[in-house]
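Because only heavy atoms are used, hydrogens play no part in the values below, and waters and symmetry mates are left out as well, while side chains stay in. Counting starts at 1 for both ligands and their atoms, following the listed order. Computed from a predicted model, the values in this text were never measured in an experiment.
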Amino acid sequence: MCGIVGYVGPRESVPILIEGLRKLEYRGYDSAGVAVHEKGETRVVRCQGKLANLEKQLTVTKLTGSVGIGHTRWATHGRPSETNAHPHRVGGVSVVHNGIIENHMILRQRLMATGRKFSSETDTEIVAHLVDAELKAGVKDLGDAVRNALKQVEGAYALVVLSDSHPDRLVCAKVASPMVLGVGEGENFVASDIPAILSHTRNMIFLEDGQVAELTAQRIAITDLAGRPMSPPVKSVVWNSTQAEKNGFKHFMLKEIHEQPRAVTDTLRGRIELEQHDALLDEVQLDPATIKKIIIVACGTSNHAGMVGKFMIEQLARIPVECDLASEFRYRDPIVGPGDLVIAVSQSGETADTLAAVKEAKAKGARILSIANVVDSSIPRASDGALYTHAGPEIGVASTKAFTTQLIALALIALHLGRKNGKLSKEAAKQFIDELLQLPIKMKEVADQAAPLQVLARRYGNARDFLFLGRGINHPIALEGALKLKEISYIHAEGYSAGEMKHGPIALIDEHMPVVVIAPKGPGYEKVMSNLTEVKAREGKIIAIATRGDQEIGSIADEVILIPECASVLSPLLTVVPLQLLSYYVADFKGTDVDQPRNLAKSVTVE
Ligand code: G6P
């Protein structure tokens, strides 16, 4: 999510750190900072906002020294501010960190009980405290102090530690967040992503989960968390800098589609309570006893997430939910007021229409909860509570991982409301949680099916129109599939409820019309099958998204893309992935500007 760069060697570190952070700017961030060893002491400079602010600050506070760490932060815990920016310094220990410390609340309380004081709202500061506590307790080796500290930490991290007590080295570690070491001559580097250090060396070590590396100018020593030596291979990276930014993928959108299993894991992280079979959503304080009805407001892809959320909440918590396009909401004098919960869904947190809807609902006395990917953006700020998705920065204009993480946030809300009002039994909740936790693996399985979707893209990529059909909870996914195709391939596409086909779109169907049908096993399956016979009778070309093991669908569909079995209420998280890939490969086949499609913007701040 955020960017990390570290350097140890004979050169001045600040220019290397800034240059490296600049190479990671494309990922998006809201604050930045560096820490440099200087004559026995580490000095830290941090700033809210862009790297230019940091550079300006560094002309006032000049740092010199040849061992340093730098960071660009994309806020997840705690808003974007100078105090929340990394590096975090506690005692003589400075830390930069990417990822999420899952047990941060317990650790923070434990550390506070020993008299430790916190100066930020971040989970990262905890790591600095833990390492400092180890050193103060007499641990001599910085590597040992970091290993001991990390044994207490649960979650995802890529982190680099600098300590006044060991001025010649950096200690790095990672679990579930990327981290790469650059092997130089008489100097060494560490970064969260290859582009940050590619101009200095192509020899890289990709740290594995649970590994801890100690870097001095002359050597790199790697161990596992127990301190046993490890020797991962040094690999030569042949990518150019643009390829490296996209992690080897041709476009950001494709990279982001493949990041979804990780993004979903991050959004779930720390939010499941396994003993009570509940979702831990302390940040939003939901009480179903005070909620008469829920209204979800959103635009574009986020609106489709909201429509799926309606099914989830109604099914699990039996609370009535309405979905409204934010751009329509306030112009129809909505019936909303005290006792209503309005959920605003927005990846950017800045969409003008959604913000206006929030203000309207608030003025009428409703409680507002927002789901957003950008911490402290306008919509969360205007809300009573915010549930942040942890998708990380999304660069492709067509939303993919932001969408699936919104679905996870809505699923967690549905689970929590259902548990709190007793509509969801322990057993049903347990099963739902099991299914939720299996999603990342299943999503990866689906995303790995590139080849058949590439074939389909070539076969149908010249069509003038596409129809997308789905029922129930997969009706919004039909809308989303059509939207994705329109957005990036410029092919006209319509999403329809399969049951509505006979009331209009059927007139369009002939042998030139590809019809994408979302037909996972579950409620509505038989009905969708009968809609398909109607398509077939008019010689439409059927591309079906179906559940593995479906023996029937192959006899009627021209093409079948299979997804693993899963609970129907969560099936949108799987069915949407092949639709994202289909749109992507059609657009790529047509040679459009996939990441920045014409006329579209990532964040629409005008009404
Ligand atoms: C723009 C983006 C879409 C997004 C919509 C709503 O149109 O291109 O991808 O779905 O805005 O944005 P939001 O940030 O509120 O989710």
Handout entry: Side-chain heavy atoms of His416 within contact of Asp278, under 4.5 Å
Key = yes
Problem - Polar side chain donor-acceptor pair, Ser31 to Asn84, under 3.5 angstrom - result: no
Practice task
May I ask you to say whether Glu328 pairs ionically with Arg332, meaning some side-chain N is under 4.0 Å from a carboxylate O?
Solution key: no
When you check ligand 1 against the protein, what N or O pairs turn up below 3.5 Å? List the atom names and distances, or just say none.
residue  : atom   : partner : partner atom : Å
ligand 1 : 8 (O)  : Ala601  : O            : 2.8
ligand 1 : 9 (O)  : Val397  : O            : 3.4
ligand 1 : 10 (O) : Thr301  : N            : 3.0
ligand 1 : 12 (O) : Thr351  : OG1          : 3.2
ligand 1 : 14 (O) : Ser346  : OG           : 3.3
ligand 1 : 14 (O) : Gln347  : N            : 3.4
ligand 1 : 14 (O) : Gln347  : NE2          : 2.9
ligand 1 : 14 (O) : Ser348  : N            : 2.8
ligand 1 : 14 (O) : Ser348  : OG           : 2.6
ligand 1 : 14 (O) : Thr351  : OG1          : 3.4
ligand 1 : 15 (O) : Ser346  : OG           : 2.6
ligand 1 : 15 (O) : Thr351  : OG1          : 2.5
ligand 1 : 16 (O) : Ser302  : OG           : 2.5
ligand 1 : 16 (O) : Gln347  : N            : 2.8

Exercise for the section: Keeping the roles fixed (side chain from His104, backbone from Thr122), state whether a donor-acceptor pair exists under 3.5 Å. Expected result: no
Practice task
Considering only NZ, NE, NH1 and NH2 on the basic side and carboxylate oxygens on the acidic side, decide whether Lys364 and Asp340 come within less than 4.0 Å.
Solution key: no
Exercise for the section: Give a yes or no answer on whether the side chain of Gln260 reaches the backbone of Ile257 with a donor-acceptor pair at less than 3.5 Å. Expected result: yes
